[in-house]
Amino acid sequence: HAKNAGRNAFRLFRKGMNELIEKRRALEADLEIGLKRGEFELYLQPRVEVETADVIGYEALLRWSHPKRGMISPGDFIPVAEASGKIIQLGEWVLAEACRLLETIEGRISVNVSPLQFRHSEFVSNLTELLRRTGADPNRIELEITENVLIDDDKRALQILNDLKKIGFDIALDDFGTGYSSLSYLSRYPFDTIKIDRSFVSNIGKVENAQVIVRTIIDLGAGLGMNTVAEGVERIEEALFLAQAGCDELQGYLLGRPARASELARDIDPAIATRLRNMPRRLPEI
Ligand code: C2E
Ligand code: MG
Ligand code: MG
Ligand code: MG
């Protein structure tokens, strides 16, 4: 009967929900233990300057090898850490580890900062203390934020960004173009870098108008005096188009996968490097 069927469906739904909540709770608890046991690791993915085809820096990407569940991707545990507040501790660990890695690599490191972490009242003072303690050079660190960091009370966000810039950090707007009001944010906040989201990059040569959109983002960045970085570059056609369009940096599996600092390749594939360097570049329209 309909009524019984409805009740059963609800029971199933509730059971599913409970399992989900239970899974999250377990993961939350594991996060804390995992941090203590050193189960987290920062992988680095090269950022390549188009003009020279040199690796000029790396993005730090968090990895968790869970003792029972194996490698868990940040897409799965960052939201849990964010919802439970554990992201504060985790984020502090990430920043400290990035400072440590700076001593072992050349160039810069960019670090992802989550919304809760960014808004935490002690974010800036903790960072200042970290720099003092480690002696790391903030000019070698770029902080990546997404626009959902900026949604409300922008005066405070602006204040934090200005404080960070005063210390010497660069600020990147990550996943550009995926949010609701990217354009208005660009003029309001002091970004040094725009990271063009992978979804635009992977459309190059496949979807009508993709090239126009990517070229326009690059021109926008150039016009505002910002560095443009393309994320998720996988195909040589994408890389060559981006080079030709005047994009400053490329990041993606084509150039290098995220890897342990100890296992990083020093250079990109020489054949790709040659093609990048030889690509005629148009001047971005300003
Ligand atoms: P994101 O900051 O946009 O990082 C780029 C993501 O794209 C990374 O996924 C990277 O491994 C992946 N990627 C790079 N090149 C390619 C490519 O050519 N093709 C494809 N398909 N993917 C590519 P990952 O490492 O799984 O990280 C996912 C997201 O998790 C990151 O997106 C970032 O938002 C977040 N995240 C990672 N590490 C941290 C961290 O330390 N702290 C915080 N708060 N968030 C982090
Ligand atoms: Mg990022
Ligand atoms: Mg600087
Ligand atoms: Mg991104």
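Because the structure is predicted, anything quoted here is derived from the model rather than measured. Read the numbers this way: they start at 1 and go in the same order the structure lists the ligands and their atoms.
- Given atom 34 (O) of ligand 1, the protein heavy atom at minimum distance is Asn112 OD1, 4.5 Å.
- Remark: side-chain polar atoms of Arg119 are not paired, donor with acceptor, to backbone N or O of Ala157 under 3.5 angstrom.
- Taking a cutoff of 4.0 Å between a charged side-chain nitrogen and a carboxylate oxygen, Glu19 and Lys23 do not qualify as a salt bridge.
- Considering only heavy atoms from C-beta on, Asp267 stays 4.5 Å or farther from Val55 through its side chain.
- For ligand 1, the atoms sitting less than 4.0 Å from at least one non-hydrogen atom of Asp175 are 3 (O), numbered in the order shown with element in parentheses.
- Here's the thing with Tyr253: one of its N/O atoms is less than 3.5 angstrom from an N/O atom of ligand 1.
- Under 4.0 angstrom from ligand 1, the non-hydrogen atoms of Glu59 all belong to its side chain.
- Looking at Glu59, its N, O or S atom nearest to the Mg ion (ligand 2) turns out to be OE2.
- Contact annotation: Gly91 has no heavy atom less than 4.0 Å from any atom of ligand 1.
- For ligand 1 and Glu234, the ligand atoms under 4.0 Å from any heavy atom of the residue are 17 (C), 18 (O), 19 (N), 20 (C), 21 (N).
- At a 4.0 Å cut-off, not a single heavy atom of Ser73 sits close enough to ligand 1 to count as contact.
- Remark: the Asn18 side chain and the Glu22 side chain contain no N/O donor-acceptor pair separated by less than 3.5 Å.
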- Message: I'd like to know whether Glu28 forms a side chain to side chain contact (heavy atoms under 4.5 Å, CB included) with Val80, so could you lay out the CA-CA distance, the side-chain angles of the two residues, the decisive distance to 0.1 Å, and finally the verdict.
- Response: CA-CA 7 Å; Glu28 255 177 64; Val80 177; 4.0 Å; yes
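- Trp93 and Phe40 have tilted rings, their planes meeting at an angle from 30° to 60° on a 0 to 90° scale.
- For the pair Phe176 and Leu220, the minimum side-chain heavy-atom distance is below 4.5 Å.
- Residue, atom and distance of the protein heavy atom nearest to atom 36 (N) of ligand 1 are Pro74 CB, 4.0 Å.
- Polar contact with ligand 1: absent for Pro258 (N/O pair, distance under 3.5 Å).
- Counting heavy atoms under 4.0 Å from ligand 1, residue Val111 does not touch it at all.
- Taking a cutoff of 4.0 Å between a charged side-chain nitrogen and a carboxylate oxygen, Arg47 and Glu142 qualify as a salt bridge.
- The atom of Asp174 that is an N, O or S and sits closest to the Mg ion (ligand 2) is OD2.
- No other N/O/S atom of Glu231 lies as close to the Mg ion (ligand 4) as OE2 does.
- In Glu144, the N, O or S atom that comes nearest to the Mg ion (ligand 2) is OE1.
- Closest protein heavy atom to atom 10 (C) of ligand 1: Leu61 CD1, 3.7 Å.
- A donor atom on one side chain and an acceptor atom on the other are not found under 3.5 Å apart for Thr146 and Asp174.
- For the pair Asp154/Tyr189, a side-chain contact is recorded, criterion being any heavy-atom separation below 4.5 Å from C-beta on.
- Set against the non-hydrogen atoms of Glu231, the atoms of ligand 1 under 4.0 Å away are 3 (O).
- Distances below 4.0 Å separate heavy atoms of Val94 from the following atoms of ligand 1: 41 (O).
- Ile218 places a side-chain heavy atom less than 4.5 Å from the side chain of Leu242.
- Note that the CD atom of Glu49 and the CD atom of Glu249 stand 7.0 Å from one another [nearest 0.5 Å].
- You'll find the side chain of Ile72 reaches within 4.5 Å of the side chain of Leu27, heavy atoms only.
- Phe123 and Phe118 have tilted rings, their planes meeting at an angle from 30° to 60° on a 0 to 90° scale.
- Taking the Mg ion (ligand 4) as reference, Asp175 places its N/O/S atom OD1 nearest.
- Considering backbone and side-chain atoms alike, Gln45 places an N or O below 3.5 Å from some N or O of ligand 1.
- Residue contact annotation: Asp197 places no N/O/S atom under 2.8 Å from the Mg ion (ligand 4).
- The closest approach between a heavy atom of Glu82 and any atom of ligand 1 is not below 4.0 Å.
- Contacts between Ile78 and ligand 1, counted as non-hydrogen atom pairs separated by less than 4.0 Å, involve the side chain only.
- Closest to atom 22 (N) of ligand 1 by heavy atom, among Arg257, Arg198, Glu238, is Arg198.
- Contact annotation for Asp174 and ligand 1: only side-chain heavy atoms (C-beta onward) come within less than 4.0 Å of the ligand.
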